[in-house]
Protein chains: 2
Amino acid sequence: MTNGERDDGGPRRRSDGEQTHAQILDAAMRLASIEGLGSLTIGRLARELGVSKSGVFAHFRSRQRLQEETLRAAEEVFQREVLRPGLDAPEGLARLKSLCNAYLSYVERGVFPGGCFLAQVLAEFDAQTGPLHDAVASGHKTWLGLMEEQVITAQRLNELDPALHPQQFAFELWAPLELANYLATLHRDPTITDWGREAVRATITRALPRTQVSTGVPPLA
Amino acid sequence: MTNGERDDGGPRRRSDGEQTHAQILDAAMRLASIEGLGSLTIGRLARELGVSKSGVFAHFRSRQRLQEETLRAAEEVFQREVLRPGLDAPEGLARLKSLCNAYLSYVERGVFPGGCFLAQVLAEFDAQTGPLHDAVASGHKTWLGLMEEQVITAQRLNELDPALHPQQFAFELWAPLELANYLATLHRDPTITDWGREAVRATITRALPRTQVSTGVPPLA
DNA sequence: CCTACCGATCGGTAGG
DNA sequence: CCTACCGATCGGTAGG
């Protein structure tokens, strides 16, 4: 992203509107992670930011768009804080573990004050209809699909039992991550993520191939 | 509960107020399971029931109490639809499986149109403060504690590996139930609960004692 | 249970 | 980005 810097010495470097827009979305993500996207109102956001209601409104033109942009911004945070570090590991079992650890770390670090944003909106919009529901559904399919891919790859590399159903196993890894997020938030205890870590470990342990080959050396007869 | 029936031939048998109160809570549970307790307003409920706003208000005296009573009513439904049938099985491993199956059946049957009410409010209030947060936290501790008890009993009966950490294992069983509920609701696909069923089966399988004794007959040397 | 009302807040518009 | 405003809805009260 090139920076069209101006020389006129104003206190702001980037486009004022762009920066304000991003600041509004930042506050919106924080608020919505705690109270939900349904509680996100233009007026509250304006009060929180010390500007007028229509000052916020002008950036989005409708509450619907504010909610959609907030969700999209949160998905970008998820991408940056979970997927990018998780995908740094070599593909297969290592990447699967790395994705799980990246998720738990993201919960522990309190990236969102109300816990994982995707988990928040999953529960909020699962039973509703409309564009937010659809966006949540497609986001979760992507996330589950990513895990599934790595299960398949790990099977190809003989790191996981070839008899596993990839979608089923991805579900079994995801489940403790999700519940650890909710319980850590509910009890204000970030160490509850260790339950998730242990669950992932145990789930993977029982899914290793019968004859494990972790190096290139063939097993003894 | 004795029935103080009246003979004056009115179309209603029980106390009118009692019955109306229960009908309001019924509608409130349906609505809140879909949109959350935070979206539950007296006015909407009144419109839905075809009565005046203050007609609903009179039954609760504050929105706070309406929300609290709705949560309590939903916990009673959970008790009736999950705990009671689950606890019918003999204690130990059988009861643990029975509780898991009762939960999944309750999701499949669509007892609440928006999926499991407890899962809904867990995500909604995990990051908030106040009496609703506290009620949710205590409800989940009870539910997890119930599972934990049965893990301990199953260990005593040599039905589960004595090395298991009961709280950890209860968490591992609960996690796929919770996620199955959200995904079944999100994708409007009640068969997704089968993923939960398979996860529970696999989790229990790897937690059986090394020398399994399912009858009173001692294992061979 | 009702009507009628209170002040506050909602999403959104007009006009600048 | 602002003030000023719209009709609708909010929780809650008064009086019956």
Side-chain angles (χ1 to χ4, degrees), chain A residues 6 8-29 31-32 34-71 124-125 128-132, chain B residues 6 8-29 31-32 34-71 124-125 128-132:
Chain A
R6 289 174 298 171
D8 56 6
R12 295 157 172 156
R13 300 278 170 79
R14 310 280 176 106
S15 149
D16 294 2
E18 231 176 77
Q19 187 171 299
T20 305
H21 196 93
Q23 281 172 347
I24 295 173
L25 286 178
D26 251 33
M29 286 189 284
L31 236 162
I34 295 173
E35 305 187 0
L37 272 176
S39 295
L40 193 61
T41 69
I42 294 171
R44 262 199 80 175
L45 219 38
R47 224 176 303 130
E48 185 117 338
L49 292 162
V51 297
S52 73
K53 234 175 58 173
S54 64
V56 171
F57 184 85
H59 281 276
F60 303 96
R61 295 176 13 202
S62 82
R63 186 187 178 224
Q64 186 68 225
R65 278 206 41 189
L66 165 64
Q67 292 175 312
E68 287 168 0
E69 284 198 38
T70 301
L71 178 55
E124 186 172 5
F125 294 104
Q128 302 195 28
T129 56
L132 290 171
Chain B
R6 289 174 297 168
D8 55 7
R12 297 159 174 155
R13 300 277 171 81
R14 309 279 176 104
S15 150
D16 293 3
E18 232 175 77
Q19 188 171 301
T20 305
H21 195 93
Q23 282 172 345
I24 296 173
L25 286 178
D26 252 31
M29 287 189 284
L31 236 162
I34 295 173
E35 304 186 2
L37 272 176
S39 295
L40 194 61
T41 70
I42 293 172
R44 262 199 81 173
L45 219 39
R47 225 175 304 131
E48 184 118 337
L49 292 163
V51 298
S52 73
K53 234 176 58 175
S54 64
V56 171
F57 183 85
H59 281 276
F60 302 95
R61 296 177 10 200
S62 82
R63 186 187 178 224
Q64 185 69 224
R65 279 207 40 190
L66 165 64
Q67 292 174 311
E68 287 168 2
E69 284 198 39
T70 302
L71 178 55
E124 185 172 7
F125 294 104
Q128 302 195 27
T129 56
L132 289 171

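So you know, we letter chains A, B, ... as the sequences are listed, proteins then strands, and number each from 1. Everything numeric in this text was worked out from a predicted model, so none of it was measured.
Residue A:Arg65 is classed as having no contact, given no heavy-atom separation below 4.0 Å to the nucleic acid. Residue-level contact check: B:Thr41 touches the backbone only, with heavy atoms under 4.0 Å from sugar-phosphate atoms and none from bases.
Nearest-nucleotide positions on DNA chain D for A:Lys53 and A:Ala58 put A:Ala58 closer to the 5' end.
On a pure distance criterion of 3.5 Å, no polar donor-acceptor pair joins the side chain of B:Ser52 and the base of C:dT3.
Residue A:Arg61 contributes atom CZ, which lies 14 Å from atom P of C:dA14 at whole-angstrom precision. Between the CD atom of B:Gln67 and the P atom of D:dC10 there is a distance of 13 Å, rounded to whole Å. A straight line from CG of A:Leu40 to P of C:dC10 spans 11 Å, rounded to a whole angstrom. For the pair B:His21 NE2 and C:dC1 C1', the computed distance is 15 Å after rounding to whole Å. In this structure, CZ of B:Phe60 is placed 13 Å from P of D:dG12, rounded to the nearest angstrom. In this structure, the CG atom of B:Leu37 is 16 Å from the C1' atom of D:dG11, given to the nearest Å. Spacing between atom CZ of B:Phe57 and atom P of D:dC10 amounts to 14 Å, rounded to whole angstrom units.
Listed nucleotides: C:dG12, D:dG11, D:dC1. Nearest to the side chain of A:His59: D:dC1. Listed nucleotides: D:dG11, C:dT9, D:dC2. Nearest to the side chain of B:Ile42: D:dG11. For A:Ser54, whose side chain is taken as the heavy atoms from C-beta onward, the closest listed nucleotide among C:dC2, C:dT13, D:dG12 is C:dT13. For A:Arg44, the listed nucleotide lying nearest its side chain is C:dC10; candidates were D:dC2, C:dC10, C:dG12.
Between the side chain of B:Glu48 and the main chain of B:Ala27, no donor-acceptor pair closer than 3.5 Å is present. Here the side chain of B:Gln67 pairs no donor or acceptor atom with the backbone of B:Leu132 at under 3.5 angstrom. Within the 3.5 Å criterion, the main-chain N or O of B:Glu124 finds no donor-acceptor partner in the side chain of A:Glu124. At least one donor-acceptor pair under 3.5 Å links the side chain of A:Ser62 to the backbone N or O of A:Arg65.
Salt-bridge annotation for B:Arg44 and B:Glu35: present, with a side-chain N of the basic residue lying under 4.0 Å from a carboxylate O of the acidic one.
Applying the 4.0 Å criterion to OP1 and OP2 of D:dC10, one finds that B:Arg47 has a side-chain N or O inside that range.
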